[in-house]
Structures are given as structure tokens and as C-alpha cells.
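For reference, positions follow the sequence shown, starting with 1.
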Amino acid sequence: MSEHAFVLHLVRASARRENAQALLAGCGMTGEVWAAVDGRAMSSTDLAACVGARLFAPVYPFGLKTGEIGCFLSHRQIWAEIVRRDLDHAFIIEDDAEIAPEPYAAALALARDHVAELGYIQFQTRPSHGPATVVDTNGPATLSVPRMAGLRTTAQMVSRAAAERLLHLSEAFDRPVDTFVQSHWHTRIRPAAIYPSGITDIADRLDGSTIQGGVRTPFEQVGREWARLRYRWAVMQASRHSPAPAQGGLA
């Protein structure tokens, strides 16, 4: 079994450097700290070249921030490395995570046992809600396939087959990477999730989010929340009727 860990680290986020090294040391496999793409440092031409408009339904209602573009490109780089190195799977973890050794060990064993069949397994930082198919358990950790996949890309294990498909489908993108991965009616890969996973998000203890939004008026904020609710409802409907296998894996 060939596996590798990639700790995504934005070089200018120096407050996270030590944590990135700690994640690499504690993830339970060989790996490397991978320099994330800094969307803020990209030219407007390069940013525009990545982004398509209304690529699939439901239409994502917001424009992409430079940080979201950089984050998506960073994950695409790792998917490409999985394919290029012909890895069986890779563990991808972002530099604002923390690992609790005992629950993480149980989650890691579950993921290793099932990633070949499931393709994409999220190490979730919070429990999923709604219908889900339970695949397996290991101690406190439960591996399931939620009907409506969760967001966040704090940590995940990705198979070669899944990486190849996600890479192919994201040559241009119109939404953040976690929202794209959630769209299993489009990718035909319904993400599985492990919780508790031993992974927590500690961005607030480090330096906050590296994906910043602008200041909005109260009117703009209300409009954004309404658009978010409408989009979430559309995602629920698309998830309910998705052709992706309910038990996980690639269709």
C-alpha cells in the first residue's frame, strides 16, 4: 500500500509553520509540508483563468475570494501529485488543524481500511446531520456516508481514482473546494465521513482564517444569508436525487 501525507501550509502564514511540522510528525505516515498556492499573490489574469461561470447546478451564488481560489488550486496540486506518484491514497491536512492521538489513530485505521472502496473520506471536525449510511466503526470512531456531504477540507484521505476524477472535473471551477467536493451529484463521488476523527480546527488559536472576506453593510449581509439559505436548500434537493452511490464510492 503506497500512501503519503501532505500538510498544506501557506508560507506567508508564519504563525502556522510550527503547527504544520507538528501535524506532519503526528499524522502516522511519511509525508511532507506542501507549499499552498497563495491566491493573494496571483495576478488578476491568472485568477480569472481558473474560474468558470455557472458550471453546474445549483448555481453557486457568490464570487470566489482570492483565498478560496488559492485553496482550491492547492488541493488540485495534491490531487495531481497523487496521480503523478501513482499513490494508492494520500492524507491531506491543512495547517490550521490539531491531532488528538488516540481518536485519530482509530479514525486513521478506519480510513485506511475503506478508502479504496469509498474514494474520499473526510476526517470531520463536527458531526454530520441528516440521513447517513454507516459503513464501519472502530472504537469511538464511526465511518458513514451522509446523504448531504459536509463542508470543510481540514483533513481527508483521497484515493488515486477519486483524485483523478476530481482533478479532471475541476479544470475550471466556480465554487470553493469544499463546496465542489460536496457536489456529489456532479462528481459522482459521495464523500464519506469519520467522526469523531481526532481532528479539530484551531485557526482561531493560531492566526484566524487565511480566507478573508470584505466588510459588508447590514443590507448586504442579509442578502448574503438569504442567498446562502436558498443555495443550501438546493444542495439538499440535489443530494436527495443524486446518482452517486448512497453507500459511497465512485459511480
TODO: Only pairs at least two apart or in different chains count here, so list each ring pair (Phe, Tyr, Trp, His ring centres under 6.0 Å) that has a residue in residues 155-179.
DONE: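 Output for this query lists F72-F173.
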Task: Sequence neighbours excluded - ring pair (Phe, Tyr, Trp, His ring centres under 6.0 Å) pairs with any residue from residues 18-44 - done: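 Passing the test, one end in residues 18-44: F6-W34.
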TODO: Apply side-chain contact (heavy atoms from CB on, under 4.5 Å) to T154 and list each qualifying residue two or more places apart in sequence or on a separate chain.
DONE: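 Only A97, T125, R152, I199, D201 meet the side-chain contact (heavy atoms from CB on, under 4.5 Å) criterion with T154.
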Open item on the list: Using the side-chain contact (heavy atoms from CB on, under 4.5 Å) criterion, which residues pair with L167? Sequence neighbours excluded.
Closed with: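 In terms of side-chain contact (heavy atoms from CB on, under 4.5 Å), with neighbours along the sequence ignored, L167 is linked to R76, W79, A80.
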Open item on the list: Would you say H75 and E94 are linked by a side-chain donor-acceptor pair, where the criterion is simply a distance under 3.5 Å?
Closed with: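 Side chains of E94 and H75: pair found under 3.5 Å.
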Open item on the list: Under a 3.5 Å threshold, yes or no: a donor from one side chain and an acceptor from the other, between Q77 and E81?
Closed with: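 No, no side-chain donor-acceptor pair sits under 3.5 Å.
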- [ ] State, to 0.1 Å, how close L118 and A192 come at their nearest heavy-atom pair, and which atoms those are.
- [x]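 Taking L118 first and A192 second, the nearest heavy atoms are CD1-CB, 3.8 Å.
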Task: Expected output: side-chain N138 to main-chain A106 donor-acceptor under 3.5 Å - done: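 Here the side-chain-to-backbone pair exists.
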Show me the donor-acceptor pairs within less than 3.5 Å that the side chains of residues 226-233 make with the rest of the protein, sequence neighbours left out.
residue : atom : partner : partner atom : Å
Y231    : OH   : R175    : NH1          : 3.1

- [ ] Keeping to residues at least two apart or across chains, list the salt bridge (charged side-chain N to carboxylate O under 4.0 Å, His left out) pairs with something in residues 102-125.
- [x]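 Of all non-adjacent pairs touching residues 102-125, those that pass salt bridge (charged side-chain N to carboxylate O under 4.0 Å, His left out) are E3-R112.
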Sequence neighbours excluded and cut-off under 3.5 Å, please list the side-chain donor-acceptor pairs for residues 140-151, or say none.
none

TODO: Report the hydrophobic cluster partners of Y195, with the cluster defined as I, L, V, M, F, W, Y residues connected by side-chain heavy atoms closer than 4.5 angstrom, directly or transitively.
DONE: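 Members alongside Y195: none; it stands by itself.
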Open item on the list: Could you go through Y60 and F180, starting from their C-alpha distance and side-chain angles, then the distance that decides it, and tell me whether this counts as ring-ring contact (aromatic ring centres under 6.0 Å, His included)?
Closed with: CA-CA 10 Å; Y60 189 66; F180 169 76; over 10 Å; no
[X]: which residues meet the salt bridge (charged side-chain N to carboxylate O under 4.0 Å, His left out) condition with it, sequence neighbours left out?
X: D38; answer: R12
X: E98; answer: R205
X: E164; answer: R160

Open item on the list: Check for me, please, whether V235 and L169 land in the same ILVMFWY cluster - side-chain distances under 4.5 Å, paths through other members count.
Closed with: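 Same hydrophobic cluster.
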Enumerate donor-acceptor pairs with a distance under 3.5 Å from any side-chain N or O in residues 39-58 to protein atoms, sequence neighbours excluded.
residue : atom : partner : partner atom : Å
S43     : OG   : D46     : N            : 3.1
S43     : OG   : D46     : OD2          : 3.3

